[in-house]
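Not measured: the values here are computed from a predicted model. These values consider heavy atoms only, across backbone and side chains, with no hydrogens, waters or symmetry-generated copies.
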Amino acid sequence: MWPCLLFALTLLHAVPARHPAPHQPQVVPAAEAPPQTHYAVVNKLRTYSGAQKYCQDVYRGHLASVHSASRNEDLRKLARTYTRHAVWIGAFTSRKGGQWESRWEDSSPWNFANWAPTYPHHIVTTCVTLSTRDGLWRSRPCFQLRPFICQY
């Protein structure tokens with residue numbers, strides 16, 4: 001019955017000739033699929049701004065932003081496979097409107113933090129590192145040379 005109905009509707013131009021049967025799964029076009037996030041640990045030593053530029057120029061991305069404990073741990077493990085040094089991630093702490101606040105460089109919401117005790121430091125603008133040893137974050141002078149994680 002169903003094939004005859006489809007054939008009749010096709011002849012009337014009410015249904016495209018290649019319309020899938022109702023029991024066949026519909027495939028979501030690639031343009032509608034959510035973008036997949038990739039990470040790259042770069043073991044070249046750069047200042048924070050140098051790391052930002054590298055991520056933009058090479059990966060068309062930015063330094064990694066971290067929004068969960070599981071992502072933090074995944075990035076710590078990934079970085080540790082390449083280096084034992086703490087790596088830049090895409091966060092910085094600065095004074096804004098008389099208050100100190102931490103922000104992600106990609107403007108994503110600040111909804112997770114994993115600061116080591118006594119951090120962040122609120123003296124001058126600092127940039128954030130992720131420790132490959134314990135996964136905790138520390139604020140460091142942005143001019144230090146460090147490896148980093150790009151997100152793209």
Side-chain angles (χ1 to χ4, degrees), residues 2 6 15-152:
W2 179 252
L6 273 178
V15 174
R18 303 197 77 184
H19 185 20
H23 65 280
Q24 293 177 334
Q26 295 283 334
V27 177
V28 177
E32 294 178 24
Q36 190 173 11
T37 304
H38 301 281
Y39 298 92
V41 176
V42 180
N43 205 10
K44 297 176 185 231
L45 301 180
R46 298 281 192 269
T47 63
Y48 185 86
S49 62
Q52 284 177 309
K53 183 168 176 20
Y54 188 96
C55 291
Q56 291 167 356
D57 293 349
V58 174
Y59 293 100
R60 303 280 183 248
H62 46 82
L63 289 168
S65 56
V66 185
H67 299 282
S68 70
S70 62
R71 177 58 46 88
N72 192 76
E73 181 60 12
D74 290 345
L75 292 178
R76 183 196 70 79
K77 288 178 183 175
L78 176 65
R80 192 167 176 97
T81 63
Y82 295 94
T83 184
R84 295 288 187 234
H85 298 288
V87 295
W88 292 127
I89 57 176
F92 59 95
T93 300
S94 64
R95 195 171 181 92
K96 183 178 180 184
Q99 297 289 329
W100 286 97
E101 67 178 27
S102 299
R103 296 189 302 268
W104 293 112
E105 114 178 39
D106 66 2
S107 300
S108 59
W110 188 265
N111 55 7
F112 174 79
N114 198 35
W115 293 110
T118 74
Y119 286 90
H121 291 152
H122 294 141
I123 301 168
V124 296
T125 296
T126 56
C127 297
V128 180
T129 61
L130 167 67
S131 169
T132 58
R133 185 177 40 84
D134 59 18
L136 296 175
W137 301 355
R138 291 170 175 86
S139 51
R140 301 288 187 213
C142 301
F143 60 78
Q144 287 184 346
L145 298 174
R146 297 188 170 276
F148 51 96
I149 303 175
C150 295
Q151 176 178 324
Y152 59 100

Any chance you could lay out the side-chain contact (heavy atoms from CB on, under 4.5 Å) test for Val42 and Cys150, step after step, and finish with the verdict?
CA-CA 7 Å; Val42 180; Cys150 295; 4.1 Å; yes
Would His67 and Trp104 count as a ring pair (Phe, Tyr, Trp, His ring centres under 6.0 Å) here? Give the steps.
CA-CA 10 Å; His67 299 282; Trp104 293 112; 5.6 Å; yes
Taking all heavy atoms of Pro117 and all of Leu136, pick out the closest pair and write down the distance.
CD-CD1, 4.3 Å
Within the structure provided, determine whether Ile89 and Val66 are in side-chain contact (heavy-atom separation under 4.5 Å).
yes
Do other residues, nucleotides or ligands put more than 12 heavy atoms under 6.0 Å from the OH atom of Tyr82?
no
For Tyr152, enumerate each residue passing the ring-ring contact (aromatic ring centres under 6.0 Å, His included) test, keeping only those at least two apart in sequence or located in another chain.
His38, Tyr59
Does Thr132 use its side chain to pair, donor to acceptor, with the backbone of Arg84 at less than 3.5 Å?
yes
Assess whether side-chain hydrogen bond (donor to acceptor under 3.5 Å, both in side chains) is satisfied between Ser102 and Thr93, documenting all intermediate values.
CA-CA 4 Å; Ser102 299; Thr93 300; 2.8 Å; yes
How many angstroms lie between atom OG of Ser139 and atom CZ of Phe92, to the nearest 0.5 angstrom?
13.5 Å
Where is the tightest heavy-atom contact between Pro147 and Asn43, given as atom of each residue plus distance?
CB-OD1, 3.8 Å
With a 4.5 Å heavy-atom cut-off, do Thr47 and Cys142 have their side chains touching?
no
Roughly how far apart are Leu63 CG and Lys53 NZ, rounded to 0.5 Å?
13.0 Å
Where do Arg103 and Glu101 land on the salt bridge (charged side-chain N to carboxylate O under 4.0 Å, His left out) test, with the steps shown first?
CA-CA 7 Å; Arg103 296 189 302 268; Glu101 67 178 27; 2.8 Å; yes
Distance-minimising heavy-atom pair for Ala91 and Trp110
CB-CZ3, 3.7 Å
Can you tell me how far apart CG (Leu75) and OH (Tyr39) are? Round to the nearest 0.5 Å.
5.5 Å
Using the salt bridge (Lys or Arg N to Asp or Glu O under 4.0 Å) criterion, which residues pair with Lys44? Sequence neighbours excluded.
none
Under 3.5 Å: donor-acceptor pair, side chain of Thr81, backbone of Leu78
yes
Quiz: residues 120-130 side-chain donor-acceptor pairs under 3.5 angstrom, not counting sequence neighbours:
{"unit_1": "Thr129", "atom_1": "OG1", "unit_2": "Arg138", "atom_2": "O", "d": "3.2"}

Which heavy atom of Leu45 sits nearest to which heavy atom of Leu145, and what is that distance?
CB-CB, 3.9 Å
Salt bridge (Lys or Arg N to Asp or Glu O under 4.0 Å) filter on Arg146, not counting sequence neighbours, yields none
So, Asn72 side chain and Gly135 main chain: donor-acceptor pair closer than 3.5 Å or not?
yes
Sequence neighbours left out, what passes ring-ring contact (aromatic ring centres under 6.0 Å, His included) with Phe112? Give chain and number order.
Trp137
Please examine the side chains of Gln151 and His62, heavy atoms only from C-beta on, and report whether any two atoms are closer than 4.5 Å.
yes
Set of residues satisfying salt bridge (Lys or Arg N to Asp or Glu O under 4.0 Å) with respect to Arg76, sequence neighbours excluded
Glu73
Less than 4.5 Å apart, any side-chain heavy atom of Gln52 and any of Glu105?
yes
Could you tell me if the side chain of Trp88 sits less than 4.5 Å from the side chain of Ile149, heavy atoms only?
no
